[in-house]
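Just so it is clear, the model here is predicted, and its values are computed rather than measured. We name chains A, B, ... by the order of the sequence lines, and we start the count at 1 in each one.
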Number of protein chains: 2
Amino acid sequence: MTVSLKDVAERAGVSIKTVSNVVNNYRHVTPAMRARVQLAIDELGYRPNLTARHLRKGRTGIIALAVPELGNPYFAELAGSVIDVAAEHEYTVLLDHTGGRREQEVLVSQGFRARVIDGLILSPIELETEDLLGRDQDAPLVLLGEREYDLPYDHIAIDNVAAARTAVRHLLDLGRSTIAFLGARTDRVNEPSHLRLRGWRAELKAAGLPAPDSLIAPTGGWDHANGADAMNQLLDSGVTPDAVFAYNDLIAIGAMRVLSERGLRVPEDVAVVGFDDITEGRYGAVTLTTISPDKQTIARLAVRSVVNRLLGTGDPVGNGSRELRADFRLVERESTLGRRRGGH
Amino acid sequence: MTVSLKDVAERAGVSIKTVSNVVNNYRHVTPAMRARVQLAIDELGYRPNLTARHLRKGRTGIIALAVPELGNPYFAELAGSVIDVAAEHEYTVLLDHTGGRREQEVLVSQGFRARVIDGLILSPIELETEDLLGRDQDAPLVLLGEREYDLPYDHIAIDNVAAARTAVRHLLDLGRSTIAFLGARTDRVNEPSHLRLRGWRAELKAAGLPAPDSLIAPTGGWDHANGADAMNQLLDSGVTPDAVFAYNDLIAIGAMRVLSERGLRVPEDVAVVGFDDITEGRYGAVTLTTISPDKQTIARLAVRSVVNRLLGTGDPVGNGSRELRADFRLVERESTLGRRRGGH
DNA sequence: CCCAATCTGTACAACGTTATATACGTTGCG
DNA sequence: CGCAACGTATATAACGTTGTACAGATTGGG
């Protein structure tokens, strides 16, 4: 059923290796010979067995991408970009999601279906530095996102502190002064690593405003429901901010729903800024002002980092870690500016 | 660096095959021997090379899932489910997206990184029957979604006609009579395969109402922007429906945004029903009534179909095609019922 | 106590590919 | 003309695993 090099070789009356040479476009093959072999290949419909090739070469041509949750459009969109960029480099993407659970993240970082992948792009949530210390995988690892590690792996992210400050500044410029933060981590010890929260604090301080904990609404997760819960909790606690900066767009949108339910207008009563720039934010009843990370660049940097390490090119210091930065920009929409007259 | 059966065998002072037997839990291995080998395995930190195993066994343990667009939350959520179910069966998922382009779909169906995958789950948009006729892949193929093919492959979907009729009936029950359809295909010849449109027509007819083409708004794609465009086009054409049934949730949400921009209230002026039940629909200013397909079941059926054919179990007629149906239900929310008093 | 049946472990080949070394022609140059 | 240098194709050995066939050890029944 399945046709191998051997079959083609027999048909063309040459050796197996010659067929292999033709398939791999090696030099030192006469055009006549090439044509003859190619004919046999076409006639038999030969296609290389990648498993065998990879066993021999020690590479599989597959890189894994592990994100917390595919249901979060940010990660789904990012995954789409990674798949496309990987394809440009002739790599295929094996996708996994960790649910943001440390246990799963460790599992993935340690081996992930051992040795079937050449490299790994991981977007961790709960993973800790020590989880990666004992890693003896030869497959290159690239880390994505907000977390910071002092480890010899490339890390790709936007400048989260600067981005958060930009968002808060935008709200300050609009004359808001009581700016809540929605979506802080509560389950981790090293809260300092929460860069967006740090940016929120820094910008408020720079403006001479207080940044009390009462304005911080923690969440257990990062989706609509968590945003709604956090907003309710904040309002129930007696605090009524005139602006909200959310950890991500899903939380922001969940919060906006609650504001609407409680009769508060966005942005007149409460202005809202999110983070991620997912498509969803562009089509609500009130479109969402948000920080837009350059997902294309993030995907490109991540794939390139893995591929370069595999090829041994690029960074001469093969083991050093690098901080690779992607751009971001503030996209101003109705949740802070209000709806422009004239409709569409 | 990488430790193989050979290394373990040398350390334990046994043959390679004995180590293999231990690894694979074969019977006829004395407990003493098993312990001795296991010790060596642990000491050296041996882990099987899956590439080699798969070359030998002819299976890779990887199934591919190809969806039109990961940016569409429906497919992202479905992909998440497929990954989970596949993991239960000890399969890993390789993910690709086709952009809904026929060319890509054909490519994927024909080989997709030839021979590296054991099976394929494909959700086609533009693919035609003849594209699959010449398929000589041995990897089992399962088709997902609305399209109908007369081909020897399992097909998994909900009853789209019935679902569409349920949605339209809901609108009729609310007293609406001018019900538009948003998101018809215009670029295909065999429009008859558009089951949701068929259901819309059938239910209107059953109610003794006309189903004129003027109430059908075609779209070029299936996202928010297409829905917004279609809604604008429909209203610009002078038609003002009192209800809209959209091909999917993204189109419905895009349409709702336009309705709001044009000063039409949902549901008072125009009631809206979507299709897919994506999370996004639960958190807008007006939550979306929608048809909710059982994604879990779809994922389960799809993976099982592939796995069963690989194992040769299940369906005794190995070549026959089967129509596997998943359930759906109508989820009634504010876009048809209005917002309940009392807020949250 | 012997022979057959069973249990335990081993040697070898194979999966399909590519790398290495080599054989055999051709050229090219002094 | 002779020898080096090169271009072209081949045979053989891996990559790491598992299936097959078999050898040696153990057991059981008569």
Nearest to side-chain heavy atoms of T18(A), which nucleotide of dT18(C), dT10(D), dT10(C)
dT10(D)
The test is salt bridge (charged side-chain N to carboxylate O under 4.0 Å, His left out); show your working for K295(B) and E77(B) and say whether it passes.
CA-CA 8 Å; K295(B) 299 187 196 77; E77(B) 292 171 18; 3.3 Å; yes
Rounded distance (nearest 0.5 Å) linking atom CD of Q296(B) with atom CG of L78(B):
9.5 Å
Separation of K6(B) atom NZ from dT17(D) atom P, in whole Å?
11 Å
Nearest to the side chain of K57(A) - dT17(D), dT18(C), dT8(C)?
dT18(C)
Report yes if a donor N or O on one partner sits less than 3.5 Å from an acceptor N or O on the other, where the partners are the side chain of R56(B) and the base of dT18(D); otherwise report no.
yes
In whole Å, I'd like the distance from the NE2 atom of H54(B) to the P atom of dT18(D).
9 Å
Whole-Å distance between dA11(D) P and N21(A) CG?
13 Å
Side-chain contact check for L55(A): nearest option of dC15(D), dA11(C), dT17(D) is dC15(D)
NA contact type, K17(B), heavy-atom cut-off 4.0 Å: base, sugar-phosphate, or nothing?
base
In short, V29(B) meets M33(B) closest at the heavy-atom pair CG1-CG, 4.0 Å
Hey, which sits more toward the 5' end of DNA chain D by its nearest nucleotide, V19(A) or A52(B)?
V19(A)
Distance check needed: dT18(C) C1' versus R59(A) CZ, whole Å only.
14 Å
Side chain of Y26(A) only, heavy atoms from C-beta on: which candidate in dG16(C), dA19(C), dG7(D) is closest?
dA19(C)
How many Å lie between CG on N49(A) and C1' on dA14(C), as a whole number?
14 Å
Closest approach to the side chain of S15(A), judged atom by atom: which nucleotide of dT10(D), dA9(D), dG16(D) is it?
dT10(D)
Would you say dG9(C) has OP1 or OP2 under 4.0 Å from some side-chain N or O of T30(B)?
yes
Between CD1 of I16(A) and P of dG16(C) the distance, given in whole Å, is 10 Å
Whole-Å distance between dA5(C) C1' and H28(B) NE2?
12 Å
Beyond-backbone contact of T92(A) with L94(B), side-chain heavy atoms, under 4.5 angstrom:
yes
Rounded to whole angstroms, how far apart are CG on L5(B) and P on dT18(D)?
6 Å
Pairwise 5' ranking along DNA chain C for R53(A) and P31(B), keeping only the more 5' one
P31(B)
Taking atom CD of E103(A) as the centre, report whether more than 12 heavy atoms of other residues, nucleotides or ligands fall under 6.0 Å from it.
no
